[in-house]
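First the proteins, then the strands, lettered A, B, ... as listed; each starts at 1.
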There are 2 protein chains.
Amino acid sequence: MKKKAEVGEDPLNGTFRLENFLPYRLSVAEEAVSRVIARDHLAQSGLTMPEWRLIAAVGRFGVISPTAAGAHAGMDKVKVSRAAASLVGRGLLRQAHDPSDGRGRLLRLTRKGLAIHADLAPTADAIETALMESLTKTERTVLHKALAKLSAHAGMLLRPNGADVHE
Amino acid sequence: MKKKAEVGEDPLNGTFRLENFLPYRLSVAEEAVSRVIARDHLAQSGLTMPEWRLIAAVGRFGVISPTAAGAHAGMDKVKVSRAAASLVGRGLLRQAHDPSDGRGRLLRLTRKGLAIHADLAPTADAIETALMESLTKTERTVLHKALAKLSAHAGMLLRPNGADVHE
DNA sequence: TATTGTTATACTCTATAACTATA
DNA sequence: TATAGTTATAGAGTATAACAATA
């Protein structure tokens with residue numbers, strides 16, 4: 001009787017190591033980093049990550065449409081719309097009609113929003129510095145480049161067409 | 001009257017570039033990669049990411065406790081418990097009582113679960129290969145190392161104690 | 001007919017804590 | 001009292017599609 005043998009047949013043969021799997025490591029790193037930011041910075045300001053990103057995008061350009069802001073912050077229009085509504089409610093953002101297009105809006109920060117934005121840049125620098133401390137100069141450079149390549153490549157794999165790996 | 005000047009005072013001065021901010025780039029890369037996996041692999045098997053990870057952990061060790069599996073898959077006990085319940089419901093996982101500790105459980109894959117696990121390793125290799133294609137050998141090596149360092153460093157920053165950046 | 005933006009819905013995830021059963 | 005695991009609950013995030021107004 002080899003019943004037991006069938007069930008237990010060398011369970012280690014397909015030695016796949018989750019901890020060496022790039023997507024897993026990416027996910028772990030991303031979660032750890034997000035957690036630091038959420039706890040040490042967002043929590044105090046009462047901002048969510050999408051709100052924080054929107055403030056960064058609007059603050060950088062001064063006046064910008066929701067669509068353009070979303071493109072810069074990696075958010076779709078629904079997320080932008082909700083983050084904007086929330087920020088308006090807290091008096092950090094102003095939404096005006098675009099005089100040149102009746103459908104469009106123009107976003108700009110209020111004085112309160114600008115104050116938060118002014119804080120945001122040095123805070124982000126501090127975060128980045130704190131995180132980057134653990135890396136050598138080469139690692140920092142390569143990491144940035146590798147992440148950019150990975151994002152682009154994954155994005156390409158995602159296209160409905162080129163989607164197939166084994167083509 | 002300098003009202004206008006106050007509101008609009010050089011909005012570009014704190015030139016913080018979200019797209020160069022490491023946590024943002026990490027998040028973008030992670031999302032893109034997750035999306036590829038979810039769409040091209042998980043969707044077809046009907047597995048969620050936690051379920052996939054749990055199968056990987058159990059499949060690798062053959063027999064393992066939920067706690068130990070969670071430690072290997074980066075999941076807390078609640079997530080493990082839910083993923084396990086779901087996998088048991090689909091006939092992919094078996095939960096037995098730990099004879100040496102009445103509180104503990106022992107997880108092992110069913111034959112069906114083993115079949116999925118057997119598929120999982122080559123699939124993961126294909127994903128990894130497809131993603132890594134875009135990187136040079138050096139970039140791959142450095143990326144792995146940098147992610148490990150970053151995770152560890154962020155984890156350290158998260159400790160209730162050492163939490164302070166400016167100590 | 002296409003586009004900008006808002007709203008609705010349903011689903012997944014996450015975090016916390018309460019709970020059980022053992023130790 | 002502490003630990004292994006389960007269950008409950010509420011909050012936040014996500015995706016999708018339906019919708020209104022305008023182009």
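Side-chain atoms of B:V36 and A:H153, non-hydrogen and from C-beta on, never get closer than 4.5 Å to each other. At least one side-chain heavy atom of A:H97 sits under 4.5 Å from a side-chain heavy atom of A:R105.
Checking D:dG13, D:dA15, C:dA15 against every side-chain atom of A:R35, the shortest atom distance belongs to C:dA15. Nearest nucleotide to the B:K79 side chain, out of C:dT3, C:dT14, D:dA15: C:dT14. Relative to the side chain of B:R103, the nucleotides D:dG5, C:dC13, C:dA23 differ in distance, and C:dA23 lies closest. Comparing C:dT22, C:dG5, D:dG5 by their nearest atom to the side chain of B:D101 picks out C:dT22.
Atom pair A:I37:CD1 and D:dA12:C1' shows a separation of 17 Å (rounding to whole Å applied). What separates CG of A:D76 from P of C:dT6 is a distance of 12 Å, to the nearest Å. If you measure from atom CZ of B:R105 to atom C1' of C:dT20, you get 10 Å, rounded to the nearest angstrom. Nucleotide D:dA21 holds its C1' atom 15 Å from the CD atom of A:Q95, rounded to whole Å. Rounded to an integer number of Å, the gap from A:M49 CE to C:dC13 P is 19 Å. To the nearest angstrom, P of C:dA21 lies 11 Å from NE2 of B:H97. If you measure from atom CE of A:M75 to atom C1' of C:dG5, you get 14 Å, rounded to the nearest angstrom. Atoms CG (A:D98) and C1' (C:dT4) sit 10 Å apart, rounded to a whole Å.
Summary of the strand contacts: A:S100 and A:T48 both lie near DNA chain D, and taking for each the nucleotide with the nearest heavy atom, the more 5' one is attributed to A:T48. If you find the closest nucleotide of DNA chain C to B:G102 and to A:P66, the one lying nearer the 5' end belongs to A:P66.
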* **side chain to side chain donor-acceptor pair (under 3.5 Å) between A:R82 and A:T48, worked out** => CA-CA 11 Å; A:R82 292 215 174 99; A:T48 65; over 6 Å; no

* To do: Assess whether side chain to side chain contact (heavy atoms under 4.5 Å, CB included) is satisfied between A:R94 and A:L106, documenting all intermediate values.
  => CA-CA 8 Å; A:R94 242 164 50 79; A:L106 291 177; over 6 Å; no

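Contact annotation for A:V80: no contact, since no heavy-atom pair falls under 4.0 Å across all strands.
Between A:F16 and A:F21, the ring planes are perpendicular. Angles over 60° get that label, and only those under 30° would be called parallel.
A donor-acceptor contact under 3.5 Å is formed by the side chain of B:R82 with the base of D:dA8.
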